[in-house]
Enquirer: 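The following block contains the structure, expressed as structure tokens.
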Number of protein chains: 2
Amino acid sequence: MHFLAPPPLGLLLSQTAKVIGRAMEDAMAAEGGTVPVWQVLLTLKTRPVSNQRELAAAVGIQGATLTHHLNAMEDDGLLTRRRSPGNRRVHEVELTERGEELFARLRGVAVGFDQRLRSGFSPEETATLAELLTRLKSSVDDPE
Amino acid sequence: MHFLAPPPLGLLLSQTAKVIGRAMEDAMAAEGGTVPVWQVLLTLKTRPVSNQRELAAAVGIQGATLTHHLNAMEDDGLLTRRRSPGNRRVHEVELTERGEELFARLRGVAVGFDQRLRSGFSPEETATLAELLTRLKSSVDDPE
DNA sequence: ACCATATCATTAGATGTCGAACGATTCGAC
DNA sequence: GTCGAATCGTTCGACATCTAATGATATGGT
């Protein structure tokens with residue numbers, strides 16, 4: 001009786017992502033952050049998003065999930081939301097001083113973590129890995 | 001001002017895993033299953049686990065999470081739990097006929113999905129990807 | 001034999017995620 | 001201009017996951 005002879009690629013991928021994601025969470029938590037909060041902060045600082053829908057898309061989560069995090073971040077004093085005068089449907093999101101400070105700290109965490117991930121590999125290997133992952137994602141993501 | 005110049009490896013990994021995991025969920029749902037249910041079924045059929053703790057470890061989830069799924073699966077008539085006569089702390093888990101049937105169907109889904117993932121790559125490429133992912137996981141997972 | 005400790009599983013409460021339904025506002029066709 | 005459709009964000013209910021606390025049973029040291 002013959003099941004799945006080779007370890008399925010999807011399983012290996014999800015297990016690896018789980019382990020790495022977990023380590024990333026731990027690293028972020030040590031500086032008082034979380035992964036989704038870091039992703040929101042990074043996107044706000046590095047991309048011109050004009051509303052929450054674009055912000056959610058850039059982070060890679062749904063609008064409902066973003067609302068959830070923005071509520072918590074606003075409660076924590078990391079950002080403010082106010083309705084745009086030009087279009088009263090959209091909420092303009094802006095970082096507070098506290099938000100800026102947390103961003104700076106978490107950026108250090110993210111940089112260090114990325115170096116840690118790359119440390120066991122040659123530049124060629126990381127490039128190969130990035131290329132294969134990108135192709136894998138595209139092959140499932142894009143309608144082709 | 002210089003942030004994270006290259007796309008961070010962890011981000012690419014998590015995004016790829018999210019897309020592939022999502023597609024896997026859709027494929028499983030089309031046959032009336034879910035990813036965690038499939039993982040539980042596969043482990044029960046292919047590994048000798050003598051209690052739920054081992055089952056959870058083999059699947060890669062915590063005991064509490066496993067209890068959650070086993071409750072649902074038992075309610076759905078996919079398996080039965082009964083206390084071991086030898087050690088009344090442990091629950092012996094056994095698939096029902098319905099559980100066996102679902103396993104057979106989901107196995108087809110898993111095989112097809114794995115082929116789909118591999119279809120855009122040469123055997124050498126999939127081997128390289130598997131090797132790099134394994135090394136990446138080990139570098140973070142193992143105490144070294 | 002007894003009691004402290006370890007083991008196995010469940011329960012309780014939290015987080016992050018999603019889809020669907022819902023208000024509020026804007027846009028566009030007529 | 002008005003009213004139906006689209007857009008923006010929130011709310012609601014669901015699911016998978018985790019940690020910590022709890023209950024039930026077994027083990028071991030004295």
Side-chain angles (χ1 to χ4, degrees), chain A residues 11 14-15 17-26 28-29 32-41 43 49-76 79-94, chain B residues 11 14-15 17-26 28-29 32-41 43 49-76 79-94:
Chain A
L11 184 60
S14 75
Q15 287 175 342
K18 191 171 186 173
V19 168
I20 272 67
R22 197 97 186 131
M24 178 79 164
E25 280 172 24
D26 292 347
M28 286 290 165
T34 68
V35 171
V37 164
W38 160 243
Q39 287 174 323
V40 169
L41 291 174
T43 304
V49 291
S50 55
N51 59 42
Q52 288 188 197
R53 184 180 50 73
E54 289 180 9
L55 179 56
V59 172
I61 58 180
Q62 296 305 119
T65 305
L66 180 63
T67 293
H68 174 73
H69 291 300
L70 292 185
N71 287 342
M73 292 173 75
E74 193 170 23
D75 289 348
D76 283 355
L79 50 82
T80 59
R81 275 183 289 190
R82 64 171 195 279
R83 305 196 91 101
S84 165
N87 184 339
R88 294 186 42 72
R89 284 173 303 185
V90 327
H91 283 182
E92 289 175 352
V93 179
E94 197 171 5
Chain B
L11 183 60
S14 75
Q15 286 175 342
K18 192 171 185 173
V19 168
I20 271 68
R22 198 97 185 131
M24 178 78 165
E25 281 173 23
D26 292 346
M28 285 292 165
T34 68
V35 170
V37 163
W38 160 242
Q39 287 174 323
V40 168
L41 291 174
T43 303
V49 291
S50 54
N51 60 42
Q52 289 187 196
R53 184 180 50 75
E54 290 181 10
L55 178 55
V59 171
I61 57 181
Q62 296 304 119
T65 305
L66 180 64
T67 294
H68 174 74
H69 291 300
L70 292 185
N71 286 343
M73 293 173 75
E74 192 170 23
D75 289 349
D76 283 353
L79 51 82
T80 59
R81 276 184 288 190
R82 63 168 196 279
R83 305 196 91 100
S84 165
N87 183 342
R88 294 187 42 73
R89 284 174 302 184
V90 326
H91 282 180
E92 290 174 351
V93 178
E94 196 171 5

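Letters A, B, ... are given to chains in the order of the sequence lines, protein chains preceding strands, and every chain is numbered from 1. Keep in mind that what you see is a predicted model, and the values were worked out from it rather than measured. Because only heavy atoms are used, hydrogens play no part in the values below, and waters and symmetry mates are left out as well, while side chains stay in.
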Enquirer: Rounded off to whole Å, could you give me the CZ-to-P distance for the B/R89 and C/dA6 pair?
Expert: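 Answer to the nearest Å: 13 Å.
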Enquirer: Specify the separation, in whole Å, of atom CZ of B/R82 and atom C1' of C/dC8.
Expert: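 In whole Å, C/dC8 C1' and B/R82 CZ are 17 Å from each other.
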Enquirer: By the 4.0 Å heavy-atom rule, please label A/R83 as base, sugar-phosphate, or nothing.
Expert: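 It contacts nothing in the nucleic acid.
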Enquirer: Could you state the atom-to-atom distance from CD of B/E54 to C1' of C/dT7 in whole Å?
Expert: 12 Å
Enquirer: Figure out the CG/C1' separation between B/L66 and C/dT10, and round it to whole Å.
Expert: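 The distance from CG of B/L66 to C1' of C/dT10 comes to 11 Å, rounded to the nearest Å.
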Enquirer: Which residue pairs pass the salt bridge (charged side-chain N to carboxylate O under 4.0 Å, His left out) test when at least one of the two sits in residues 56-65 of chain B, sequence neighbours left out?
Expert: none
Enquirer: Is the shortest distance from a Lys or Arg side-chain nitrogen in B/R81 or B/E94 to a carboxylate oxygen in the other one below 4.0 Å?
Expert: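 No, B/R81 and B/E94 are not salt-bridged.
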Enquirer: Determine: side-chain N/O of B/R22 to OP1/OP2 of C/dG19, distance under 4.0 Å, yes or no.
Expert: yes
Enquirer: For a 4.0 angstrom threshold against heavy atoms of chain B, report the outermost contacting nucleotides of DNA chain D in 5' to 3' order.
Expert: D/dA16 to D/dA26
Enquirer: Enumerate donor-acceptor pairs with a distance under 3.5 Å from any side-chain N or O in residues 53-67 of chain A to protein atoms, sequence neighbours excluded.
Expert:
residue: A/E54; atom: OE1; partner: A/S50; partner atom: N; Å: 3.1
residue: A/E54; atom: OE1; partner: A/S50; partner atom: OG; Å: 3.3
residue: A/E54; atom: OE2; partner: A/S50; partner atom: OG; Å: 3.3
residue: A/T67; atom: OG1; partner: A/G63; partner atom: O; Å: 3.2

Enquirer: Can you measure A/E25 atom CD to C/dA14 atom P for me and round it to whole angstrom units?
Expert: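 Checked: the CD to P distance equals 18 Å.
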Enquirer: What residues form a salt bridge (charged side-chain N to carboxylate O under 4.0 Å, His left out) with B/R22, not counting sequence neighbours?
Expert: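 Applying salt bridge (charged side-chain N to carboxylate O under 4.0 Å, His left out) to B/R22 gives B/E25.
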Enquirer: Can you check the A/N87 CG to C/dA24 C1' distance for me, whole Å?
Expert: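 Result: 11 Å.
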Enquirer: Thinking salt bridges, do A/E92 and A/R83 make one under a 4.0 Å N-O criterion?
Expert: no
Enquirer: Of all residues at least two apart in sequence or in a different chain, which pass the side chain to side chain donor-acceptor pair (under 3.5 Å) check with A/D76?
Expert: none
Enquirer: For nucleotides 15-17 of chain C, list the nitrogen or oxygen atoms of the protein found under 3.5 Å from its nitrogen or oxygen atoms, one pair per line.
Expert:
residue: C/dT17; atom: OP2; partner: A/H69; partner atom: NE2; Å: 2.6

Enquirer: What's the CD-C1' distance between B/Q52 and C/dT10, to the nearest Å?
Expert: 9 Å
